[in-house]
Trainee: 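I am attaching a structure below and will ask some questions about it afterwards.
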Number of protein chains: 2
Amino acid sequence: MKIAKLSNTVSLERSVEQGNMDHIITVREVIENVRKNGDEALYDYTEKWDGAKLTSLKVTKDEIEEAFSSFNPQLVQDLEEAAANIRAFHLQQARQQIDFPLEHNSYIKYKISPLEAVGLYVPGGTAAYPSSVLMNAIPAVVAGVKRVVIVSPPSKEGKLPASVLVAARIAGITEIYKVGGAQAIAALAYGTESIVAVDKITGPGNSYVALAKREVFGKVAIDMIAGPSEIAVIADQTAYADELASDLLAQAEHDRFASSVLVTTSEELANEVSEEVEKQLKKLPREAIARASIENFGHIYIAESLDQAIGAIDDLAPEHLEIMTENAEAVSQQIKHAGAIFIGRFSSEPVGDYFAGTNHVLPTNSTARFSSGLCVDDFLKKTSIVYYSEEMWKEQYPKIARLARLEQLEGHARSVESRSWDKGDSN
Amino acid sequence: MKIAKLSNTVSLERSVEQGNMDHIITVREVIENVRKNGDEALYDYTEKWDGAKLTSLKVTKDEIEEAFSSFNPQLVQDLEEAAANIRAFHLQQARQQIDFPLEHNSYIKYKISPLEAVGLYVPGGTAAYPSSVLMNAIPAVVAGVKRVVIVSPPSKEGKLPASVLVAARIAGITEIYKVGGAQAIAALAYGTESIVAVDKITGPGNSYVALAKREVFGKVAIDMIAGPSEIAVIADQTAYADELASDLLAQAEHDRFASSVLVTTSEELANEVSEEVEKQLKKLPREAIARASIENFGHIYIAESLDQAIGAIDDLAPEHLEIMTENAEAVSQQIKHAGAIFIGRFSSEPVGDYFAGTNHVLPTNSTARFSSGLCVDDFLKKTSIVYYSEEMWKEQYPKIARLARLEQLEGHARSVESRSWDKGDSN
């Protein structure tokens with residue numbers, strides 16, 4: 001791995017993909033076609049791009065039950081325990097209505113309610129991760145969303161991975177469709193004969209899926225556009241090189257654009273980790289991917305002080321941050337920007353990826369500066385409610401009318417004044 | 001106004017603007033130019049599009065104080081009272097960290113912290129609304145955002161409206177720049193010599209501003225892309241036609257694309273309101289705008305029952321909803337989708353637009369189905385923190401490793417297992 005002295009600012013050096021015009025045009029055509037031709041367009045695209053000739057889009061109850069009953073029972077149990085942990089933590093995020101009384105028996109309320117319907121995109125093939133199904137679906141279910149739907153591209157044989165069906169069932173989702181790509185996003189946003197439109201679309205996908213989500217944003221809500229995954233590790237001389245190397249490689253094996261960064265105050269550790277990474281790389285099944293990631297986006301920085309290291313981490317605003325230092329908890333309190341923080345050697349990132357209960361859908365590409373991981377809030381909406389009594393109105397309306405006239409909105413002033421127009425014997 | 005029997009589903013019939021390709025290309029050029037040439041590009045565009053030849057972008061302290069001291073004191077007081085109300089309600093929205101203890105002295109935390117820097121776009125000319133400055137700025141300030149910046153296009157004379165400067169000062173904002181359009185959005189997202197980049201951009205703007213926000217989404221966070229404003233009113237025979245007409249016109253005077261919809265169970269009221277609207281229209285200063293809005297997007301629907309009327313409101317998911325019926329509060333509890341609800345004749349929409357304390361930045365174009373008005377949450381981010389003790393790790397890691405291997409992520413399994421590798425005499 002590249003080792004460098006930590007200088008001024010560091011960055012992950014991966015630019016945000018805005019999408020090239022050709023892809024945007026393709027995606028817009030797909031969306032238009034789905035809006036116009038509904039299911040027919042979905043069947044056509046699925047045959048063309050996934051090689052599957054389907055007669056029905058919806059996964060049957062039997063398919064789900066078959067996947068479930070033939071699945072390794074130990075893994076079912078592991079997934080169920082992970083789901084229970086995720087559910088327990090996300091339940092803590094539930095929100096309460098705000099009741100705010102005003103003078104003269106008036107009030108403001110802030111009502112918090114779940115979205116009605118949410119669609120979850122699950123990538124196909126080897127990128128189908130049951131843990132992602134749990135992480136996306138459970139916050140929606142906990143929020144109280146009544147209808148949570150999964151879309152996922154089928155294999156050539158017209159099937160979805162058993163692990164996805166099992167995770168869906170554990171999360172409580174049984175409305176699942178065999179359709180992927182931009183066409184699935186279009187179907188979720190606008191609806192077809194088979195798929196009733198939803199209000200929000202979440203979940204990761206390839207660049208066409210990301211572009212399609214961008215295009216339908218406004219018609220429906222979307223989650224963040226996720227970039228490649230990344231980890232930063234801050235470590236001092238107390239950390240173990242072999243553990244750090246395995247953590248950096250766990251990130252690197254995701255894809256070639258994943259980024260693993262170590263910032264350490266120990267030059268000795270830097271060198272050891274670099275050697276360990278090479279040693280462990282050779283034994284890694286996904287060596288080619290991990291090696292490309294490490295070579296292009298892997299960095300070890302040597303910091304002059306812990307404070308400098310912490311500053312570098314905040315510049316990176318990494319999706320995942322591991323803290324492998326003395327007093328790791330105290331260090332964690334100094335960090336301003338990170339999607340998720342893992343404290344100490346027994347809390348390596350996979351603990352959170354799979355099991356602890358926090359969400360693994362996290363802000364990438366330095367967006368942890370301003371955004372958050374997926375959470376129950378993402379499936380709630382808030383409605384403000386205003387009630388002014390007659391007495392309150394009498395006291396306040398002249399101010400409101402003046403402010404309206406300051407903005408040259410005479411109609412607004414008249415609306416609030418109209419209540420004083422003589423009504424004869426009135427209620 | 002057009003009167004019709006309420007049939008199946010109703011909609012506001014205004015499609016979401018995705019932006020035409022020419023505009024997207026222009027906006028991308030502007031953004032690239034600002035990224036490359038910084039302030040120079042800002043000065044050039046400001047001269048070209050706003051007709052103002054500036055030598056400095058930043059509004060001086062003196063300009064702000066001059067605006068403040070020469071402003072009508074009664075209006076200053078009104079704005080201050082409105083700001084106090086907004087502040088008081090938004091303070092109720094503050095969030096608390098979640099501490100979630102696990103077994104074996106382990107824990108999860110959910111830390112909630114403010115964004116560091118936020119930019120607020122304020123439109124220029126007659127569309128400059130001091131109330132919008134308060135509504136956008138105060139939630140950010142209440143959230144604890146340290147740096148809140150305003151950008152707004154100057155007049156030909158190189159000035160910003162006094163009302164905007166006064167509202168900004170009341171909200172506690174003194175970093176204000178004379179720049180508008182896509183170039184202002186680019187400057188906020190990427191930074192120039194004069195303007196340090198922010199983490200999130202909020203506030204309404206014209207279609208170029210909206211497109212630019214869409215383009216920089218990912219580099220920074222943005223608020224919703226607001227469409228034209230709308231109101232729906234649900235009323236029965238107890239409501240007053242003159243009041244309803246004034247409320248519909250208050251919405252219609254905003255712009256030609258604004259939409260005002262009345263759903264009523266009383267045919268008599270429907271006819272009266274239609275006549276009243278015409279009568280009041282003739283006396284409205286912004287008659288031309290309001291008339292265009294009413295003719296194109298104004299509707300009165302006669303419902304067979306209150307239940308049918310409520311169903312229609314949920315189909316519309318209006319930005320603003322006024323309830324002018326008997327038992328208005330009970331009716332409000334049956335509404336699923338609306339940005340803000342105003343109960344009874346003394347709570348017409350301007351009460352919330354200016355004064356009650358709720359936010360007037362609300363989801364338009366039926367997006368109240370899945371999104372919420374601007375609130376303190378929009379300026380907070382959440383970081384999850386995971387700590388597993390050695391005991392906890394020992395108990396859980398085999399499950400985590402199995403789940404990782406289920407996803408063919410061997411590196412993840414090794415990361416969590418690496419803690420058991422023999423370390424000799426270790427900590």
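Nothing here was measured: the structure is a model prediction, and the numbers come from that model. Residue numbers start from 1 in every chain, and the chains themselves are labelled A, B, ... in the order their sequence lines are given, proteins ahead of strands. The figures here come from the full heavy-atom set of this structure, side chains too, leaving out hydrogens, waters and symmetry mates.
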Trainee: Please find the pair of heavy atoms, one from A/Leu380 and one from B/Ser372, that lie closest to each other, and give the distance.
Mentor: O-OG, 4.3 Å
Trainee: Is there a side chain to side chain contact (heavy atoms under 4.5 Å, CB included) between B/Phe342 and A/Ile385 once you walk through the steps?
Mentor: CA-CA 6 Å; B/Phe342 300 86; A/Ile385 300 173; over 6 Å; no
Trainee: Which answer fits A/Leu321, side chain, backbone, both or neither, if we ask what part of it has an atom under 4.5 Å from a heavy atom of chain B?
Mentor: neither
Trainee: Please flag which part of B/Ile335 lies under 4.5 Å from any non-hydrogen atom of chain A: side chain, backbone, both or neither.
Mentor: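 B/Ile335 touches chain A through backbone heavy atoms alone.
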Trainee: I'd like to check the ring-ring contact (aromatic ring centres under 6.0 Å, His included) partners of A/Phe71; sequence neighbours left out, ordered by chain and number.
Mentor: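 Applying ring-ring contact (aromatic ring centres under 6.0 Å, His included) to A/Phe71 gives none.
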Trainee: Closer than 4.0 angstrom, basic N to acidic O: yes or no for B/Lys109 and A/Glu329?
Mentor: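 Result for this pair is yes, salt bridge flagged.
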Trainee: Ion pair present between B/Arg369 and A/Glu116, side-chain N to carboxylate O less than 4.0 angstrom?
Mentor: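 Result for this pair is yes, salt bridge flagged.
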Trainee: Between A/Lys399 and B/Asp78, does any side-chain N to carboxylate O distance fall below 4.0 Å?
Mentor: no
Trainee: Looking only at non-hydrogen atoms, find the nearest pair between B/Thr367 and A/Gly218 and report the distance.
Mentor: CG2-O, 3.1 Å
Trainee: Can you tell me which portion of B/Ile98 sits under 4.5 Å from chain A's heavy atoms? Options are side chain, backbone, both or neither.
Mentor: side chain
Trainee: For the interface with chain B, which of A/Ser106, A/Pro130, A/Ala88 has the highest count of heavy-atom pairs at distances below 4.5 Å?
Mentor: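 Winner by heavy-atom pair count: A/Pro130.
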Trainee: Taking the side chain as every heavy atom from C-beta outward, state whether B/Lys336 and A/Ser113 have any pair of such atoms under 4.5 Å apart.
Mentor: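 SC-SC contact between B/Lys336 and A/Ser113 ruled out.
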Trainee: Between A/Glu410, A/Lys111, A/Glu253, which has the largest tally of heavy atom pairs under 4.5 Å with chain B?
Mentor: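 The residue among A/Glu410, A/Lys111, A/Glu253 with the greatest pair count is A/Glu253.
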Trainee: Assess whether side-chain hydrogen bond (donor to acceptor under 3.5 Å, both in side chains) is satisfied between B/Glu407 and A/Ser131, documenting all intermediate values.
Mentor: CA-CA 8 Å; B/Glu407 297 187 347; A/Ser131 61; 2.7 Å; yes
Trainee: Identify the heavy atoms of A/Gly411 and B/Leu284 that sit nearest to each other, and give their distance.
Mentor: CA-CD1, 3.7 Å
Trainee: Would you please indicate if the ring centroids of B/Tyr110 and A/Phe89 are separated by under 6.0 Å?
Mentor: yes
Trainee: On a heavy-atom basis, which atom in B/Ala356 and which in A/Val386 lie closest, and how many Å separate them?
Mentor: CB-CG1, 4.0 Å
Trainee: Would you say the side-chain atoms of B/Ser415 pair up with the backbone N or O of A/Ala250, donor to acceptor, closer than 3.5 Å?
Mentor: no
Trainee: Hey, are B/Asp247 and A/Arg414 close enough for a salt bridge, meaning a charged N less than 4.0 Å from a carboxylate O?
Mentor: no
Trainee: Among A/Gln251, A/Lys200, A/Glu349, A/Gln93, which has the most heavy-atom pairs under 4.5 Å with chain B?
Mentor: A/Gln93
Trainee: Go through the steps to decide whether B/Phe355 and A/Tyr397 satisfy the test side chain to side chain contact (heavy atoms under 4.5 Å, CB included), and finish with yes or no.
Mentor: CA-CA 9 Å; B/Phe355 204 75; A/Tyr397 84 82; over 6 Å; no
Trainee: Starting from the C-alpha separation in whole Å, work towards a yes-or-no answer on side chain to side chain contact (heavy atoms under 4.5 Å, CB included) for A/Glu81 and B/Gln396.
Mentor: CA-CA 10 Å; A/Glu81 193 170 342; B/Gln396 310 295 359; 3.8 Å; yes
Trainee: Go through the steps for B/Phe370 and A/Lys381 under the test side chain to side chain contact (heavy atoms under 4.5 Å, CB included), then give the verdict.
Mentor: CA-CA 6 Å; B/Phe370 52 74; A/Lys381 62 181 176 131; 5.9 Å; no
Trainee: Give a yes or no on whether a salt bridge exists between A/Arg95 and B/Asp377, defined as a side-chain N under 4.0 angstrom from a carboxylate O.
Mentor: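 B/Asp377 and A/Arg95: salt-bridged.
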Trainee: Can you tell which of A/Gln408, A/Gln74, A/Met392 has the highest number of heavy-atom pairs within less than 4.5 Å of chain B?
Mentor: A/Gln74
Trainee: Return the option, out of A/Pro398, A/Ser347, A/Gly357, with the maximum number of heavy-atom pairs under 4.5 Å with chain B.
Mentor: A/Ser347
Trainee: What verdict does the side-chain hydrogen bond (donor to acceptor under 3.5 Å, both in side chains) test give for B/Thr358 and A/Ser384, after you've listed the backbone C-alpha separation in whole Å, the side-chain angles of each residue and the deciding distance to 0.1 Å?
Mentor: CA-CA 6 Å; B/Thr358 51; A/Ser384 46; 4.6 Å; no
Trainee: Between chain B and each of A/Gly344, A/Gly339, A/Gly352, A/Ala368, count heavy-atom pairs under 4.5 Å; write down the option with the most.
Mentor: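 Maximum pair count with chain B is reached by A/Gly339.
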Trainee: Hey, do the aromatic rings of B/Phe217 and A/Phe217 have their centres closer than 6.0 Å?
Mentor: yes
